[in-house]
Structure formats: C-alpha cells, structure tokens
Amino acid sequence: MDIDTFFAALWDDYCLLAPEADAIRGLFGGASVQNDHVAFRTFDHPAINLSVLEQPLLELGYRRDTPYQFADKHLSAWGYVPARLSDPLIFLSQLHIQQLPEQAQGILNELLHDLPSPSVHGAEVFYSGRLWPAPSLTQYQALASCSEYAAWLAVHGFHANHFTIAVHSLGVSLANVVDKLSSMGYVLNSAGGLIKGSEKELLMQASTMAKNVKIDLADVQQYAVPGCYYEFAERFYKQDGQLYQGFVAASASRIFESTNAMS
Ligand code: NI
C-alpha cells in the first residue's frame with residue numbers, strides 16, 4: 001500500500017472514534033497540518049504482537065529506532081522512524097497479557113482464542129478494528145479495573161489510538177496550543193501536568209482526554225467507552241542540529257492515560 005493512502009485511510013477511521021479530531025485539526029491548518037506521530041496499541045498474543053505488526057510498517061519503509069518499557073502499565077513499545085522525513089513517526093506498544101492478574105488473563109485468552117497464528121497482515125490491519133469478539137460488560141469492567149489499556153484495546157481493536165500535531169511546525173509554542181484548547185473548552189489530560197516533558201528532554205507533549213463513543217458489547221448495545229484522543233508534540237533540536245525523533249518514557253506513560261474513563 002502507498003503510504004499516503006495508508007495515512008488517509010487511517011485518519012478517516014480514527015475520526016469515527018475521535019469526534020473532536022477534525023475540528024481541532026481545523027484550528028491548526030486543517031489537512032495540511034504536519035503530523036508528528038501516530039500511535040498503535042496491541043496485545044503480545046503471537047498472532048498480533050509487536051514483531052508481527054511491525055512487518056507492514058517495515059514494508060512502508062519504517063525502521064525501528066528506540067525501545068521503551070512501561071513496567072507499571074505492563075507495556076513495552078518501539079518508536080519507528082519513516083524513510084521520508086515528512087511522514088509521521090510511529091509509536092507501537094504492546095500489552096504483556098501474562099503480567100496481568102489471572103482473571104484478566106483469562107478474559108483476554110478467551111477473547112483472542114480464535115486468532116490465527118502465525119498471521120500475516122498488510123498495513124490495513126491498523127484500521128481493521130477488532131479481530132476478536134466483543135467483550136461482555138462484566139469482562140470490559142474487569143479489564144478496565146486492572147488495565148485501561150487492555151479494556152480500550154479489547155473493545156476497539158486496531159485503530160490509530162491518536163494522531164499528533166507537530167507543534168514545532170506551527171510557529172507557536174505548546175503552551176499557546178494548550179491555552180487555546182483550554183479556552184475553547186476542550187478537556188486536556190492533566191496527569192503529570194497539562195504539559196509533559198521539557199525542552200531539556202527535547203520533547204514536550206500534551207493531549208486531549210478521549211471523549212466517550214458508543215460501542216456494542218456482547219451483551220449491551222451502545223455502551224459509552226473512551227474513544228481516541230488527539231496529541232500535540234513540540235520537538236527540539238539535538239546538539240547535532242537534527243530534530244529529536246525519540247519519545248520520553250515518563251511522558252508517554254502519562255499520555256497513555258488519555259483513554260482512562262473520566263469520572
Ligand atoms: Ni503519542
């Protein structure tokens with residue numbers, strides 16, 4: 001698949017789960033806005049784990065850059081850099097099922113039981129939605145109680161979890177962007193502060209909180225669950241004059257919480 005076709009299809013799919021995304025993008029230049037990175041989530045099941053899902057990314061010209069660990073969230077991830085500088089970075093994370101409590105492991109093993117393994121996927125897998133049956137409400141709530149990531153992924157499956165505006169391409173600061181969004185009433189992720197990271201770390205990030213969308217569970221129709229969110233990243237130049245292309249684990253860990261249920 002052509003990389004532009006891939007990102008166009010990915011955006012259209014993402015907007016169905018991120019009802020604010022199109023309006024927010026419109027505030028910063030619309031379709032011409034530069035996208036810093038796109039993030040995907042998966043389980044470490046052999047049919048869909050990170051080393052399986054990265055294959056279509058490698059075929060699109062991406063290469064592995066840096067690994068990340070999030071022990072407290074039972075996640076690991078890789079950052080991928082594109083062959084063409086103008087394309088977004090990609091952040092692909094996976095949940096280590098065996099690190100969850102036994103009950104959650106049981107639920108996920110049941111849901112994922114019929115996934116074919118080994119599997120080969122094209123890039124369209126990243127907007128293919130759920131490849132397994134919907135969880136019941138009880139299953140969803142049990143997953144959410146130990147891992148909001150597990151609950152999100154179990155109900156939604158494969159989509160862009162978030163797109164990210166490259167604030168450094170806008171000629172404004174991330175603080176300006178945050179002020180603008182806050183003043184317009186958008187709810188931002190405040191875990192660890194509205195702005196995560198620092199110029200010293202070469203990356204500052206902020207994000208909206210995912211708004212609820214209605215999903216059909218196995219036993220409840222049109223149940224409201226957090227959908228997708230929009231992120232904003234301001235990158236800084238390294239000493240060698242190149243823009244930093246990595247991520248900051250401490251910031252990313254709090255950004256994951258953008259799909260937590262809002263009380
Ligand atoms: Ni991100």
Side-chain angles (χ1 to χ4, degrees), residues 3-15 18 20-41 57 60-66 68 77-93 126-127 159-182 184 186 188-189 192-210 228-252 254-256 258:
I3 198 161
D4 294 321
T5 309
F6 170 65
F7 282 109
L10 194 65
W11 172 265
D12 289 345
D13 170 72
Y14 161 76
C15 285
E20 298 174 333
D22 200 50
I24 290 175
R25 190 171 74 161
L27 297 173
F28 299 102
S32 65
V33 75
Q34 194 183 321
N35 187 20
D36 180 80
H37 69 270
V38 171
F40 302 111
R41 296 176 170 187
L57 300 179
L60 286 174
Y62 279 85
R63 64 172 177 80
R64 275 185 172 193
D65 187 41
T66 311
Y68 302 92
W78 276 90
Y80 297 82
V81 295
R84 192 171 63 176
L85 253 176
S86 56
D87 289 327
L89 301 163
I90 287 180
F91 186 82
L92 175 56
S93 62
F126 290 109
Y127 49 87
H159 305 276
N161 172 260
H162 58 274
F163 273 71
T164 309
I165 290 179
V167 173
H168 43 273
S169 73
L170 297 176
V172 297
S173 70
L174 183 59
N176 293 146
V177 169
V178 163
D179 285 347
K180 181 171 182 165
L181 293 167
S182 298
M184 294 182 72
Y186 288 106
L188 301 179
N189 175 340
L194 290 176
I195 292 182
K196 295 134 183 73
S198 62
E199 185 167 351
K200 195 174 163 211
E201 291 167 293
L202 303 175
L203 175 61
M204 289 163 56
Q205 293 164 273
S207 67
T208 63
M209 286 299 287
C228 295
Y229 59 93
Y230 214 155
E231 190 185 317
F232 313 90
E234 182 175 8
R235 292 181 184 276
F236 297 89
Y237 288 92
K238 297 183 291 182
Q239 283 187 340
D240 65 5
Q242 301 293 309
L243 204 61
Y244 178 62
Q245 288 193 300
F247 293 89
V248 176
S251 302
R254 306 318 295 267
I255 294 274
F256 278 121
S258 306

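The model shown is predicted, which means the values in this text are computed figures rather than measured ones.
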Non-neighbouring partners of S251 that pass side-chain contact (heavy atoms from CB on, under 4.5 Å), sequence neighbours left out = K196, Q205, V248
Let me confirm one number: the [atom1]-[atom2] distance from [X] to [Y], rounded to the nearest 0.5 Å.
{"X": "L181", "Y": "S207", "atom1": "CG", "atom2": "OG", "value": "10.5 Å"}
{"X": "L203", "Y": "S198", "atom1": "CG", "atom2": "OG", "value": "9.0 Å"}
{"X": "Y62", "Y": "L89", "atom1": "OH", "atom2": "CG", "value": "7.5 Å"}
{"X": "L57", "Y": "I90", "atom1": "CG", "atom2": "CD1", "value": "4.5 Å"}
{"X": "I165", "Y": "L27", "atom1": "CD1", "atom2": "CG", "value": "8.0 Å"}
{"X": "F91", "Y": "E231", "atom1": "CZ", "atom2": "CD", "value": "9.0 Å"}

Are H168 and Q34 linked by a side-chain donor-acceptor pair shorter than 3.5 Å?
-> no
For [X], all residues meeting side-chain hydrogen bond (donor to acceptor under 3.5 Å, both in side chains), sequence neighbours excluded:
{"X": "N35", "answer": "none"}
{"X": "S169", "answer": "none"}
{"X": "E199", "answer": "none"}
{"X": "R64", "answer": "E54"}

Show the numbers, then the answer: is there a side chain to side chain contact (heavy atoms under 4.5 Å, CB included) between L170 and V33?
-> CA-CA 8 Å; L170 297 176; V33 75; 4.1 Å; yes
Could you go through residues 3-10 and list every donor-acceptor pair under 3.5 Å that involves a side-chain atom there, pairing it with any protein atom two or more places apart or in another chain?
residue : atom : partner : partner atom : Å
D4      : OD1  : R84     : NH2          : 2.9
T5      : OG1  : D2      : OD2          : 2.9

Residues that [X] engages under ring pair (Phe, Tyr, Trp, His ring centres under 6.0 Å), provided they are two or more places apart:
{"X": "F40", "result": "F126"}
{"X": "Y127", "result": "none"}
{"X": "Y229", "result": "H162"}

So salt bridge (Lys or Arg N to Asp or Glu O under 4.0 Å) across residues 232-248, not counting sequence neighbours, yields D36-R235, K238-D240
Please list all pairs passing the salt bridge (Lys or Arg N to Asp or Glu O under 4.0 Å) test where one or both residues lie in residues 159-178, with sequence neighbours left out.
-> none
Evaluation steps, side chain to side chain contact (heavy atoms under 4.5 Å, CB included), between M209 and L188 = CA-CA 5 Å; M209 286 299 287; L188 301 179; over 6 Å; no
Side chains of [X] and [Y]: does their closest heavy-atom pair fall under 4.5 Å?
{"X": "K180", "Y": "Y186", "result": "no"}
{"X": "Y237", "Y": "L202", "result": "no"}
{"X": "I195", "Y": "F232", "result": "no"}
{"X": "L85", "Y": "Q245", "result": "yes"}

Using modelled atom types only, decide if a donor and an acceptor are shared between the side chain of T164 and the backbone of V38 within a distance under 3.5 Å.
-> no
So, the side chain of Y230 versus the backbone of F163: is there a donor-acceptor pair under 3.5 Å, distance only?
-> no
What heavy-atom pair brings A206 and L174 nearest, and what distance separates the two atoms?
-> N-CD2, 4.0 Å
Identify the heavy atoms of A21 and Y14 that sit nearest to each other, and give their distance.
-> CB-CE2, 3.5 Å
Restricting to pairs with a member in residues 170-179, which pass side-chain hydrogen bond (donor to acceptor under 3.5 Å, both in side chains), not counting sequence neighbours?
-> S173-N176
Are W78 and S93 close enough, and set up right, to give a side chain to side chain contact (heavy atoms under 4.5 Å, CB included), and what steps lead you there?
-> CA-CA 7 Å; W78 276 90; S93 62; over 6 Å; no
Does atom OH of Y244 have more than 12 heavy-atom neighbours from other groups under 6.0 Å away?
-> yes
